[in-house]
Engineer: 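Can you keep this structure in mind? I'll have questions shortly.
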Amino acid sequence: MPLYDCVLLLKPHVKKEALMDMVARIGRDVYKKNGVVTEVKSFGTVQLGYGIKKLDGRFFQGQMMQLTMMASPMMNKELHYLNREDRLLRWLLVKHRDTKYGLEFLTEEDEKRELSRFPRSSIFDDEDADKDVDDDEDDGDDEYEVDGEERKEQ
């Protein structure tokens, strides 16, 4: 599962309890989809570069939260209920592109040692390649002749 950052920008007057309820709800949704929330950061109240207009006014400040999670790629569609949330000014889901998983964490020596535990599969043996040769001697080139060559033969 890829690693994602979910950044939430909430209205400045939202209470801490409501903020934590929203974070807990997102965490439950991630957990239901077999994901894991790995980190939660609060940046407190931040000044915005421009006002964000909502139905109840224009906001030049907001409370910023960041959730780091490992979740399925469908999590983006699952979080679209946040669009209807009145307490949110904006939300953003960002995928970590340079995150390495599994064998990519290992050095070359560790990787060789790790892979040596598994038996070599028969698909890599050269003996099987010889068996795949067709018994039919005809290559089937006749089927793919160019029109000019066919006319010469006629």
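Every value quoted in this text rests on a predicted model; they were computed, and no experiment measured them. For reference, positions follow the sequence shown, starting with 1.
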Engineer: Decide if atom NZ of Lys54 counts as having more than 12 heavy atoms of other residues, nucleotides or ligands within a radius under 6.0 Å.
Structural biologist: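 Check passes, neighbour count above 12.
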Engineer: Can you tell if the side chain of Arg87 reaches within under 4.5 Å of the side chain of Lys11, non-hydrogen atoms only?
Structural biologist: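 Of all side-chain heavy-atom pairs linking Lys11 with Arg87, none is under 4.5 Å.
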Engineer: Ignoring hydrogens, what is the shortest heavy-atom contact between Lys95 and Pro2? Give both atom names and the distance.
Structural biologist: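 Looking at all heavy atoms of both residues, the shortest contact is CE-CB, 3.6 Å.
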Engineer: Rounded to the nearest 0.5 Å, how far apart are CG of Leu3 and CD of Glu39?
Structural biologist: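 With rounding to 0.5 Å, CG (Leu3) is 9.5 Å from CD (Glu39).
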Engineer: Calculate, to the nearest 0.5 Å, the distance between atoms CG and CG belonging to Leu82 and Leu88 respectively.
Structural biologist: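 Leu82 atom CG to Leu88 atom CG measures 5.5 Å (nearest 0.5 Å).
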Engineer: How long is the span from the CE atom in Met75 to the CE atom in Met69, to the nearest 0.5 Å?
Structural biologist: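 Those atoms lie 6.0 Å apart.
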Engineer: Please confirm whether the backbone N or O of Val14 pairs with a side-chain atom of Gln63, one donor and one acceptor, at under 3.5 Å?
Structural biologist: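 Present.
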Engineer: Judged by atom type as modelled, is there a donor-acceptor pair below 3.5 Å linking the side chain of Thr68 to the main-chain atoms of Thr38?
Structural biologist: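 Absent.
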Engineer: Does Asp56 have more than 12 heavy atoms from other residues, nucleotides or ligands lying within 6.0 Å of its CG?
Structural biologist: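 Count over threshold, so yes.
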Engineer: In terms of hydrophobic clusters joined by side-chain contacts under 4.5 Å, are Val30 and Val36 together?
Structural biologist: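 Hydrophobic grouping puts Val30 apart from Val36.
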Engineer: Return the CG to CD distance between Leu9 and Gln61, rounded to the nearest 0.5 Å.
Structural biologist: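 Atom-to-atom, Leu9:CG and Gln61:CD are 11.0 Å apart.
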Engineer: Crowded around Tyr81 OH? As in, over 12 foreign heavy atoms under 6.0 Å?
Structural biologist: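 Buried by this count: over 12 neighbours within 6.0 Å.
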Engineer: Membership question, hydrophobic clusters at under 4.5 Å side-chain separation (ILVMFWY): are Leu92 and Met65 in the same one?
Structural biologist: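 No, separate clusters.
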Engineer: Distance check, rounded to the nearest 0.5 Å: Ile26 atom CD1 versus Leu8 atom CG?
Structural biologist: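 One gets 4.5 Å once the value is rounded to the nearest 0.5 Å.
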Engineer: Quick one: do Tyr50 and Phe60 end up in the same hydrophobic cluster if we chain Ile, Leu, Val, Met, Phe, Trp and Tyr together by side-chain heavy atoms under 4.5 Å apart?
Structural biologist: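 No; Phe60 is not reachable from Tyr50 via cluster members.
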Engineer: Step through the shown structure and confirm whether more than 12 heavy atoms of other residues, nucleotides or ligands are within 6.0 Å of OH on Tyr31.
Structural biologist: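 Counting neighbours around OH of Tyr31, 12 or fewer heavy atoms of other residues, nucleotides or ligands fall under 6.0 Å, so no.
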Engineer: Are Leu19 and Phe59 connected in the hydrophobic side-chain network, where two residues link if heavy atoms are under 4.5 Å apart?
Structural biologist: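 Not linked; separate clusters.
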Engineer: What distance do Leu93 atom CG and Lys77 atom NZ have between them, rounded to the nearest 0.5 Å?
Structural biologist: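 Answer rounded to 0.5 Å: 13.0 Å.
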Engineer: Heavy atoms, side chains only, cut-off 4.5 Å: are Tyr4 and Leu67 in contact?
Structural biologist: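 Side chain of Tyr4 against side chain of Leu67, heavy atoms only: no contact under 4.5 Å found.
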Engineer: With clusters defined by side-chain heavy atoms of hydrophobic residues (ILVMFWY) lying less than 4.5 Å apart, directly or transitively, does Val40 cluster with Leu79?
Structural biologist: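 The answer is yes; both residues are in one hydrophobic cluster.
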